[in-house]
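A note on names: the letters A, B, ... follow the listed sequences, proteins ahead of strands, and every chain is numbered from 1.
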Number of protein chains: 2
Amino acid sequence: MSLKYALLGFLNYGPHTGYELKKVFDVSVAHFWNAELSQIYPTLKNLESEGLVEMKVDVQADRPNRKVYTITEDGRRELLEWLAAPAEAEQFREPLLIKVFFASTLSKQELIAVLRHRAEELRRSVAVFEHGCSIIENFAEAIGLQREALFWGLTVDSGIKHSQASIEWIEGAIRRVEEMDDAEFGTRYAETAPVDARVSVDTLQKLKSKAPNVFALAHNTGASCE
Amino acid sequence: MSLKYALLGFLNYGPHTGYELKKVFDVSVAHFWNAELSQIYPTLKNLESEGLVEMKVDVQADRPNRKVYTITEDGRRELLEWLAAPAEAEQFREPLLIKVFFASTLSKQELIAVLRHRAEELRRSVAVFEHGCSIIENFAEAIGLQREALFWGLTVDSGIKHSQASIEWIEGAIRRVEEMDDAEFGTRYAETAPVDARVSVDTLQKLKSKAPNVFALAHNTGASCE
DNA sequence: TCCAACATGTAACCGGTTACATGATTCA
DNA sequence: TGAATCATGTAACCGGTTACATGTTGGA
């Protein structure tokens with residue numbers, strides 16, 4: 001649902017075509033919100049039918065016609081309302097954590113390799129983001145939106161902070177895993193006694209009745225143990 | 001695609017029904033991977049048709065019949081392969097960042113309110129996660145998987161670290177925003193000169209040709225400016 | 001000559017959520 | 001009496017990605 005508002009946000013700067021919006025997306029918000037043309041075009045159409053934007057065909061002789069979208073007063077109002085409302089927390093899904101969760105099935109070296117690989121990726125993306133900062137600043141100045149540069153920079157900051165937090169977590173995890181015995185890995189539960197699902201579900205039931213508040217809130221986002 | 005492997009992971013501990021898997025999900029991986037029954041049931045069916053699990057109907061007199069799923073050797077092999085392969089980086093989408101990106105449209109107080117609200121949510125989820133740790137440890141012990149507790153704890157840790165990183169970023173953002181002049185906010189671009197989309201797209205073109213490497217990699221995850 | 005850029009779209013698919021359907025038992 | 005638990009599912013929808021379709025112009 002947020003794509004709608006991201007588009008309104010850019011249209012609030014000035015009229016754009018779908019094609020232009022995609023380009024602007026790619027250098028400005030792509031690090032936390034990607035969008036494909038095939039999604040942008042129909043979304044613009046919806047915005048139009050809701051009366052939040054207006055479209056004017058710009059007939060061109062030598063190139064394909066352009067559909068230029070302009071935000072309406074209704075659109076401005078709706079954008080502002082959304083911006084001021086509390087942000088929904090997007091659900092966080094991280095495949096790496098599934099691997100760590102079931103890591104005792106792996107060998108110690110395999111787990112460490114997986115962790116190192118992800119850390120490398122994250123380090124690379126931090127480097128990219130650091131370049132991204134200066135690009136965003138140049139861009140903001142070039143188009144006369146210097147005052148936006150601070151806000152844009154904050155979003156890049158957020159990305160860097162998250163990546164760094166992940167890297168630090170991975171480094172800590174590797175240290176802990178390295179301290180472990182090789183024997184703790186490579187378990188195949190078929191060989192040991194398999195877990196009895198009924199027992200574990202019963203156990204959950206008991207834990208739940210002891211601390212119901214914890215289970216009630218668990219759906220929010222992430223927190224951790226030391 | 002990861003749901004499949006998360007299910008295989010639990011089935012590797014021992015046979016479970018779909019209903020049981022949902023319960024186990026909710027207390028163990030829900031903080032980074034939610035799953036609904038309506039998704040679990042068909043996924044189990046697919047796993048069966050792929051030969052990665054086997055199903056046996058457990059006829060019950062007083063209650064509805066249960067379908068108990070057991071992992072096969074093929075399933076174990078596929079799980080192990082996936083666990084050892086590099087993790088795909090899930091795309092990160094954060095509505096709050098869209099709000100910050102377009103924050104100059106808001107008033108200063110509105111922006112700060114939005115930021116504070118999210119920080120509060122995050123603080124609450126950190127508290128929940130801290131409880132979650134002890135629950136996970138109790139659970140692991142109760143079902144005889146003590147050695148798993150460390151890995152499970154690491155995933156909770158990751159959640160805490162992320163939330164804390166977000167909180168710190170928000171606190172920094174609030175400090176920066178508080179230093180700003182009220183006049184920097186509440187811009188309505190219609191009143192000033194709207195941005196010319198063609199100029200901004202041209203500018204992007206030039207920035208791109210100057211630093212093509214940055215744009216090539218930009219799709220990874222997040223990094224930031226100081 | 002061939003590819004990239006310009007410019008707009010549709011269709012199929014995919015992972016996931018919400019809502020709905022069924023029907024027994026147990027507990028407050 | 002009515003809600004919660006047990007237990008399985010289907011259907012509709014939603015946001016998003018990938019692939020496909022079309023056709024021109026300009027540059028390597």
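In this structure, the nucleotide among C:dT17, D:dA7, D:dT25 sitting nearest to the side chain of A:Asp62 is D:dT25. Counting only heavy atoms from C-beta on, B:Met1 has its side chain closest to C:dG15 among C:dG16, C:dG15, C:dA7. The nucleotide whose nearest atom lies closest to any side-chain atom of B:Lys67 is, among D:dT8, D:dC6, C:dG16, D:dT8. Taking every side-chain heavy atom of B:Leu37 into account, D:dT8 is the closest of D:dT8, D:dT18, D:dG26. Considering only side-chain atoms of A:Trp33, the nucleotide from D:dT8, C:dT8, D:dG16 that sits closest is D:dG16. Closest to the A:Tyr69 side chain, of the nucleotides C:dT18, D:dA7, C:dG9, is C:dG9.
The side chain of B:Asn34 places no N or O atom within less than 4.0 Å of a non-bridging phosphate oxygen (OP1 or OP2) of C:dG16. Under 4.0 angstrom from either OP1 or OP2 of D:dT8 there lies no side-chain N or O belonging to B:Arg63. In this structure, B:Lys45 reaches the D:dT10 phosphate: one of its side-chain N or O atoms is under 4.0 Å from OP1 or OP2. Contact check, A:Tyr19 against C:dC6: a side-chain N or O comes under 4.0 Å of OP1 or OP2. Between B:Lys23 and D:dC6 there is a side-chain polar atom (N or O) within less than 4.0 angstrom of OP1 or OP2. Between D:dT5 and B:Arg66, no contact under 4.0 Å exists linking OP1 or OP2 to a side-chain N or O.
A:Ser38 comes within contact range of at least one nucleobase, with a heavy-atom separation under 4.0 Å. As judged by a 4.0 angstrom heavy-atom cut-off over every strand, B:Lys4 is placed among residues making no nucleic acid contact.
Protein atom OH of A:Tyr41 is 7 Å distant from nucleotide atom P of C:dG9, rounded to whole Å. Taking atom NZ of residue B:Lys22 and atom P of nucleotide C:dT18, one finds them 10 Å apart after rounding to whole Å. In this structure, NE2 of B:His16 is placed 13 Å from P of D:dA7, rounded to the nearest angstrom. In this structure, the CG atom of A:Asn65 is 15 Å from the C1' atom of D:dT25, given to the nearest Å. Separating the CD atom of B:Glu94 from the C1' atom of D:dG15 is a distance of 17 Å, rounded to the nearest angstrom. Rounded to whole Å, atom P of D:dG15 lies 15 Å from atom CD1 of A:Ile40. Atom pair A:Glu90:CD and C:dT17:P shows a separation of 11 Å (rounding to whole Å applied). Atom CG in B:Leu44 sits roughly 14 Å away from atom P in C:dG16 (whole-Å rounding).
With respect to A:Glu48 and A:Lys45, no salt bridge is recorded, no charged nitrogen being found less than 4.0 Å from a carboxylate O. A salt bridge does not link B:Glu20 with B:Lys23: none of the charged nitrogens is closer than 4.0 Å to a carboxylate oxygen. Look at B:Asp74 and B:Arg77 and you find a salt bridge, because one of the NZ, NE, NH1 or NH2 atoms lies within 4.0 Å of a carboxylate O, short of that distance.
Judged by distance alone, with hydrogens and angles left aside, the side-chain atoms of B:Lys22 form a donor-acceptor pair with the main-chain N or O of B:Ala35 at under 3.5 Å.
In this structure, A:Pro42 and B:Arg198 both approach DNA chain C, and ranking their closest nucleotides by distance from the 5' end singles out B:Arg198. The residue among A:Pro64 and A:Gln39 whose nearest nucleotide of DNA chain D is located toward the 5' end is A:Gln39.
Sparse packing is recorded around CD of B:Glu54, with 12 or fewer heavy atoms of other residues, nucleotides or ligands lying under 6.0 Å away.
The salt bridge (Lys or Arg N to Asp or Glu O under 4.0 Å) test with A:Glu121 is passed by exactly one of A:Arg118, A:Arg123, A:Arg124: A:Arg118.
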